[in-house]
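Everything below concerns the one structure shown next.
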Amino acid sequence: MVSTPLLEAAELISRERVAPGFWCLGFRSPEIARRARPAHYVAIDLPGTFSVRLPLGIWTARDDTFTLLFREWGERTTRLACIADHEPLSIIGPLGNEFSLPDTGKRAVIVAGGIGVVPFWLLVRELLAAKVRTTVVLGARSKHMLVGVDELRALGADVKICTDDGSAGTRATALDLARELAPPDVFYGCGPPPLLRALSEHANAAGIPCQISMEETFGCSMGTCWGCVVPIRRGSPQAVGYPHASDEKREYDFARVCVDGTVFWSREILWNR
Amino acid sequence: MVSTPLLEAAELISRERVAPGFWCLGFRSPEIARRARPAHYVAIDLPGTFSVRLPLGIWTARDDTFTLLFREWGERTTRLACIADHEPLSIIGPLGNEFSLPDTGKRAVIVAGGIGVVPFWLLVRELLAAKVRTTVVLGARSKHMLVGVDELRALGADVKICTDDGSAGTRATALDLARELAPPDVFYGCGPPPLLRALSEHANAAGIPCQISMEETFGCSMGTCWGCVVPIRRGSPQAVGYPHASDEKREYDFARVCVDGTVFWSREILWNR
Amino acid sequence: MMGAGDDDALDLSVELGSLRLRNPIIAASGCYNRGAEFGRIMDVAAYGAVTLKSVTREPRLGNEMPRLLSTPGGLLNAIGLQGPGIAYFLEHEAPKLAAVPSAVIASVAGFSVAEFAEVASRMDGIPGIVAIELDVSCPNVDAEGACFAEDPASTAAVVEAVKARVTKVPVIAKLTPNVSDIKPVARAAEAAGADALSLINSLRGMSVDVDRARPWLANRSGGLTGPAIRPVGVYHVWEAATAVKIPIIGMGGIETGRDALEYLMAGATAISIGTANFRDPLAPLHVGETIAAELRKRSFTRVRSLTGMANPGFAGARA
Amino acid sequence: MMGAGDDDALDLSVELGSLRLRNPIIAASGCYNRGAEFGRIMDVAAYGAVTLKSVTREPRLGNEMPRLLSTPGGLLNAIGLQGPGIAYFLEHEAPKLAAVPSAVIASVAGFSVAEFAEVASRMDGIPGIVAIELDVSCPNVDAEGACFAEDPASTAAVVEAVKARVTKVPVIAKLTPNVSDIKPVARAAEAAGADALSLINSLRGMSVDVDRARPWLANRSGGLTGPAIRPVGVYHVWEAATAVKIPIIGMGGIETGRDALEYLMAGATAISIGTANFRDPLAPLHVGETIAAELRKRSFTRVRSLTGMANPGFAGARA
Ligand SMILES: Cc1cc2nc3c(=O)[nH]c(=O)nc-3n(C[C@H](O)[C@H](O)[C@H](O)COP(=O)(O)OP(=O)(O)OC[C@H]3O[C@@H](n4cnc5c(N)ncnc54)[C@H](O)[C@@H]3O)c2cc1C
Ligand SMILES: Cc1cc2nc3c(=O)[nH]c(=O)nc-3n(C[C@H](O)[C@H](O)[C@H](O)COP(=O)(O)OP(=O)(O)OC[C@H]3O[C@@H](n4cnc5c(N)ncnc54)[C@H](O)[C@@H]3O)c2cc1C
Ligand SMILES: Cc1cc2nc3c(=O)[nH]c(=O)nc-3n(C[C@H](O)[C@H](O)[C@H](O)COP(=O)(O)O)c2cc1C
Ligand SMILES: Cc1cc2nc3c(=O)[nH]c(=O)nc-3n(C[C@H](O)[C@H](O)[C@H](O)COP(=O)(O)O)c2cc1C
Ligand code: FES
Ligand code: FES
C-alpha cells in the first residue's frame, strides 16, 4: 500500500553519534510517526542549503516521535547531522510503499548491508508482533560501520553479524551467512546494490519470495519527475508502462522507486537488462 | 597600519540572541583575539555553504577569545547563527587597517547606526585607556535594533541613544544627536551609507577630522579581486591608482575597502563622483 | 491554504496572448505535471497554471539510470523525455485535465518540425488545455542533430509549422540558455507567430563520477536547473525582454517570492517554478504572498505593473 | 606546508606546449594574481603556476560599485578589467615576478585584434612569464561589440595575430562557456596556433535588486563563477577534449580535489582554481593531496594518466 504523506514540522529531540560518520537523530513529528510503516521514508528540506529534499528511511517510531539513522555522505547529510535544536525542519512523509508480512508461524530472514539496516527496525517489530520467526543478518565493511544491532536485539530479534574484515562477528558477507541458515519462507533485503542483486538471484533460484527495498537518486520524492526509475518486468503491477506500445519487444517497464517502491519483489527486478 | 592576518581554527564558546535577528557569538581563537585592533574584521568560511567568506567586524576581544555581533541577513549569517558547537570554523583575521587615536585629553564623538556599532567596542576601550574623552551616539530604526549599548556602557563610555521611531532614547538620527554635542576633536563613524555620508559632510564642513569604517560587498577579503573598491581622492595615501595615467582628468582613484580600509578619512571619500 | 489571487484589492491576473491566468505563477514542465502527486500535500490551485511534462509522438522510455545528480545549488537531470506518446496521452491523460483546479498548459517536444506540428495539432482544442508550449530544446534530426532552440531559423520553422495548425489556443516557444545571444532566437520565434516565450530551459552540464572514472549520468550530460542557474535565467529574460513585444514566462531557479520578483522586474509577465517544487512544495503559495506584499508596499494594484520595472530597455506591452 | 609535487614516487608534472609545470594546479586569472595577498596566509608554491589578472593596453578603472554579488553556489562579478595598463605593468609589476615561487602565466585582454597582439608581444620574453593567456571574452569593438570568444573566426584572428608576434612562450586561448557548441571555437583556436586552451571563463548572468527595482551590479550583468557553474565547465571541457589535440586547462567551480579530478578525467591536462580561493585559500594544497591520493589508489605514477580517463572521445595526447 502506498502511503498518504503529509508535510509536517519536525522538532529535533535527540542526537547521537552512533559510530564515526553515523548519526541517529530523533524528531517529534506526531502524524508522521504515527503513520510510519516498515520501509517508509521521509523527505527533508535542509535549511540553508539549495538542494532538493533529502530522502531518509524511518528507523524507529514510537508514539509521536521517530528516529533517522544515517551516514554523512555529502552536503545534505552533513548539514542534517549538525542541525541546531531551534532550526525549523520541514519533513514530508511517510513516503513509499511498505513490506508485506507473511502469515503467523512462517520464518523470515532479513539481509541488511551497512546502513541498509534502516527499514528493518519497524519490520522486525511487526514480524515479531505477527509471530513470524525472524532472523536478521547484518553485514558491514568493518566493526565501525555496523549500526543498529543493539536496537534490533532490544526488540527481541535474533541478530547475526558479520564484517568483511572480521573485525566484528563472522568474517563473511551477509549473504554468505544467510545462505547457511535453513531456507526461510520469505527474504527481506536492503543495502548496497551488489548485495541486493546477489540476494535476489539466490532467492529466485531457491524459489523463495524476496522483498527488496531499493535506492536511487531522488529528485521530487513524490513521483512526478521520473528521475528515480528502475527497470522491472513488463506488466508487473508496480510498473508504470505504456501497454499500447505493444510493437516493442522489450521485456521491461519502469517503476518509480520513490512512490511505486521502495519495496519490490526480487522476481520483478530486471538486474540484467 | 594594515594587519597581518592568519588562518586560524575557531571554537564556538558562546551564543546569545541579543535581539530579534541579532546574534552575539563568542569564539576561542587565540592569535586573532590577541592581534585584534579597533576596526579589524575577520573572514569566515561557513561549512556546508558554497559561498565566499563572510566578513564580520570584531566586536569584543579579551585574552584568547573574541565575539562577533551580527544581524541575520542571508545565507551565510543565518548559517553562522546556528553553527553547532562541534563544527569546525576556519577564520582568517584580523583583516583591514585600524582607527587612529587622537592625543590624550582630546574629545572624540563616535556615531554609529544600528549594527555599525561593531567596531566601537575595541575603539572605546582604546580611547578610554588613552584618556580621550569619548561620547558614543548610537542610533537605530527602533528599540529592537539597538544592540551593544550595555557592553559599551560597561566599558565606562558615555552612550547616548536614539531611534527613528522614538521607541528608545531620543526620537532622532544619530547625526542629529551628535550635532547637538560640543564639536569634538575627532569623529568616528560606522553604519548605513546615508548616515556616513551625512556625517562626513558635517565633519568636513566643520573642519573636524573624521574616520569612517566603510562596507562593500567582498569577494576575496584579501585585496586581490578588486571587487570592493570605493572612489577616493586621487593621490590619497590609501589610493591604489595609476599615477602615470596623468592625461586623465579624473579626480578619483580607487581603494580596496578590504585591505586599504575599512577605515578612511572622510575628506578622502568622494561620495559624489 | 489561500491562492495568491484571493486578495480582493489586488489584480494578480496576467495575459499570455489570448490566455488570461488568475495569477502569474506557473508550474514548469517536467517538474509538477498536473499536480496529481504534489496535490497530496498542497493545493494545486496555488498555481495560476500548471505545465505538463513534454509529450512526443511516440512513447519514450527515456534514459538509463542514474538520471539525476545534486550539484552545488542545482540539480542535473537527464530524464530523456520519458513519456507515453501522444496517442496514450490523448486517451488516458487528457480526460483527467478538466478536474485540475488550475489552468493547464500542454508541452510538446519533438525531433522534427513535422513531429511538433502533428503532436501540437492533436492537442489543440482538447478540453482543459489552455495553451501549448513547445520544448524546442531537443536535437533536430532533420538538421544533423543540432538543437532547434540554438538556431533562430529552426526555432522559427517549428513555431510557424505549429501556428499553421494550432488555432484554438496560444502557442508558447520555450527557449534554451545554451546560446551566446538569445535575442535573435526570441525575435525569430516572435516573427514566426509565437504568442509568448518561456525561458530558460535547463543549462547543459555534466559531472564525472571520479571513483568509476565515467560520467555520473547514464546519458553523460544533462540539464542543470535550480538556484545555481538563476542569474543566467534572469539575464536571458532581461535580454529577451528588450527584443520582443510578446509576453515572457521567466524561469530558472525560482524558489522564493524575491526570486520571482527579479524575473518580473527584468521583464517577465509570468514566472514558472520547476526544481523548487522538489524542495518546497509550498513555493507557489509563498511566491504569491510575497508578490502581493510587494504590490501593497509599492501601492500597485496590478502585478503587471512590476513587469520590466528594472529594465529600461523593456520592449513589451506593460498593459 | 608541502607542495603537491613533493611526493617522490609521483610525477605530477604536466606539459602545456613547451611549458612544463611541476604540478597541474593553477591559480585562475583575476582571483589570485601573483599571490602577494594570499601568500600572507598560505604557500604560493602550492600552485604549479599562477595566472595574473588580465592586462589591457590602457589603464582601466573598471566598473562602478557594486561589482560583486553572492548567488546560490556562485559569485557574480563585474570588475570591468580594472588594471594599470601594459606600460605600468611592465614598469612596476613585471620586475616583481621573478620572486614568485611558482611559474607565472600572464593574461592579456583586449578590445581589438591589434590590442591583443600589441600587449601580448610586449609581454613576450619578460623574465618570469612562462606563458601568455588570452582572455578573449571581451567585446570586439572592431565587430560591433560581439564577444571574440563566441565566434570561431574572431577567436582565430586574435590567436593568429598574437602567435605571429609571440615567439618565446606558449600562448593559451581562454574560451567562454556562452556558446551553444564550444567545439568549433576550440578547433579554430587550435588551427590558429594556440598551444593550449583554458576553459571556462565566467557564465553571463545578472540579478535584480528587488527593493530598488534595478540591477544589483552597477554594470547590470556580470560573470557567474564558483561551484554553481562546475557542471557547465566539466561539460565544455569534455566537449573541447573531443575536438582538439592541444592540452586543456579546465576550470569553473573547482573547490576540492574531487572537483579537480572531474575535470582531469573529462579531458583537462591541468586545472585552475579561481573563486574557491575566496573561501579556502588552502584549496591548492588540498587539491594536490587528493590528486596524489587518487594516483596512489589507482597505482598510477603520473598525473597525466588521469587526463581524459572518463572520456572515450578524448582526442588529445595522453603523453
Ligand atoms: C528512499 C531512500 C532512503 C534512504 N535512506 C537512507 C537512510 O536511512 N540512511 C542513509 O544513510 N542514507 C539513506 N539514503 C541515501 C541518502 O539519501 C543519499 O546518500 C543522499 O544522497 C545523501 O545526500 P547528501 O546530500 O548528503 O550527499 P550528496 O551530496 O547527494 O552525495 C555526496 C557524494 O557522495 C557520494 N554518494 C552519495 N550517495 C552515495 C551512495 N549512496 N553511495 C556511494 N556514494 C554516494 C557521491 O560522490 C556524491 O556526490 C536513502 C536514499 C533513498 C532514496
Ligand atoms: C568589513 C565588513 C565587516 C562587516 N561586519 C559586520 C558585522 O560586524 N555585523 C554584521 O551584521 N554585518 C557585518 N557586515 C555585513 C555582512 O558581511 C553582510 O551583510 C553579508 O553580506 C551578509 O551575508 P549573508 O550571506 O548572510 O547575506 P547575503 O546572502 O550576502 O545577503 C542576503 C541578502 O540580504 C540583502 N543584504 C545583504 N547585505 C545587505 C546590506 N548590507 N544591506 C541591505 N541588504 C543587504 C541582499 O538582498 C542580499 O541578497 C560586514 C561587512 C563588511 C564588508
Ligand atoms: C526533472 C526535470 C524534468 C524536466 N522536463 C522538462 C520537459 O519535459 N520539458 C521542458 O520543456 N522542460 C523540462 N524541464 C525544465 C523545466 O521546465 C525548467 O525550464 C527548468 O528546470 C528551469 O527551471 P527551475 O530552475 O525552476 O527548475 C525539466 C526540468 C527538470 C528538473
Ligand atoms: C573576481 C573575478 C575576476 C576575474 N577576472 C578575470 C580576468 O581578468 N581575466 C580572465 O581571463 N578571467 C577572469 N576571471 C575568470 C576566472 O579566471 C575563471 O575563469 C572563472 O572564475 C571560473 O573559475 P572559478 O569558478 O574557479 O572561479 C575572473 C573571475 C573572478 C571571480
Ligand atoms: S524522485 Fe521524482 S519520480 Fe521519483
Ligand atoms: S574583496 Fe577582493 S579586493 Fe577587496
Item checked: Contacting moiety of D/Asn33, where chain B heavy atoms sit under 4.5 Å -> both

Checklist line | Nearest-0.5 Å distance, SG of residue B/Cys220 to CG of residue D/Asn277 | finding: 9.0 Å

Notebook entry, point to check: Relative to chain B, which segment of D/Glu255 carries a heavy atom at a distance below 4.5 Å: side chain, backbone, both, or neither?
Noted result: side chain

Next item on the list: Taking atom CZ of B/Arg141 as the centre, report whether more than 12 heavy atoms of other residues, nucleotides or ligands fall under 6.0 Å from it.
Entry: no

Next item on the list: Would you check if B/Met222 and D/Pro281 make a side-chain contact, meaning some heavy-atom pair closer than 4.5 Å?
Entry: no

Notebook entry, point to check: About how many Å separate CE of D/Met42 and CG of B/Leu6, when rounded to the nearest 0.5 Å?
Noted result: 15.0 Å

Check: Can you check whether D/Arg279's main-chain N or O pairs, donor with acceptor, with B/Arg53's side chain at less than 3.5 Å?
Finding: yes

Notebook entry, point to check: Is there a side-chain contact (heavy atoms from CB on, under 4.5 Å) between D/Leu68 and B/Phe218 once you walk through the steps?
Noted result: CA-CA 7 Å; D/Leu68 290 176; B/Phe218 282 11; 5.6 Å; no

Check: When rounded to the nearest 0.5 angstrom, what distance separates CG in D/Leu61 from CH2 in B/Trp226?
Finding: 10.0 Å

Checklist line | Worked verdict on B/Cys228 versus D/Met65 for side-chain contact (heavy atoms from CB on, under 4.5 Å) | finding: CA-CA 8 Å; B/Cys228 65; D/Met65 268 1 83; over 6 Å; no

Notebook entry, point to check: Do other residues, nucleotides or ligands put more than 12 heavy atoms under 6.0 Å from B/Lys143 NZ?
Noted result: no

Item checked: Heavy-atom pairs under 4.5 Å with chain D, option from B/Ile44, B/Asp45, B/Thr217, B/Leu7 with the top count -> B/Asp45

Notebook entry, point to check: Are side-chain heavy atoms of D/Ser70 and B/Val52 found at a separation under 4.5 Å?
Noted result: yes

Check: So which part of B/Glu75 gets closer than 4.5 Å to some heavy atom of chain D, the side chain, the backbone, both or neither?
Finding: neither

Note to self: Would D/Arg67 and B/Phe254 count as a cation-pi pair here, with the cationic atom under 6.0 angstrom from the ring centre and within 45° of the axis?
What the structure shows: yes

Next item on the list: Find out whether D/Leu75 and B/Ser51 are in side-chain contact, i.e. whether some heavy atom of one side chain is under 4.5 Å from a heavy atom of the other.
Entry: no

Note to self: Please evaluate residues D/Arg40 and B/Val259 with respect to the criterion side-chain contact (heavy atoms from CB on, under 4.5 Å), reporting the C-alpha separation (whole Å), side-chain torsions for both, the decisive distance (0.1 Å), and the verdict.
What the structure shows: CA-CA 12 Å; D/Arg40 295 190 290 162; B/Val259 289; 3.8 Å; yes

Note to self: For B/Leu46, which atoms come within 4.5 Å of any heavy atom of chain D: side chain, backbone, both, or neither?
What the structure shows: backbone

Next item on the list: For the pair D/Tyr32 and B/Cys225, evaluate side-chain contact (heavy atoms from CB on, under 4.5 Å) and give the outcome as yes or no after the intermediate values.
Entry: CA-CA 7 Å; D/Tyr32 191 87; B/Cys225 78; over 6 Å; no

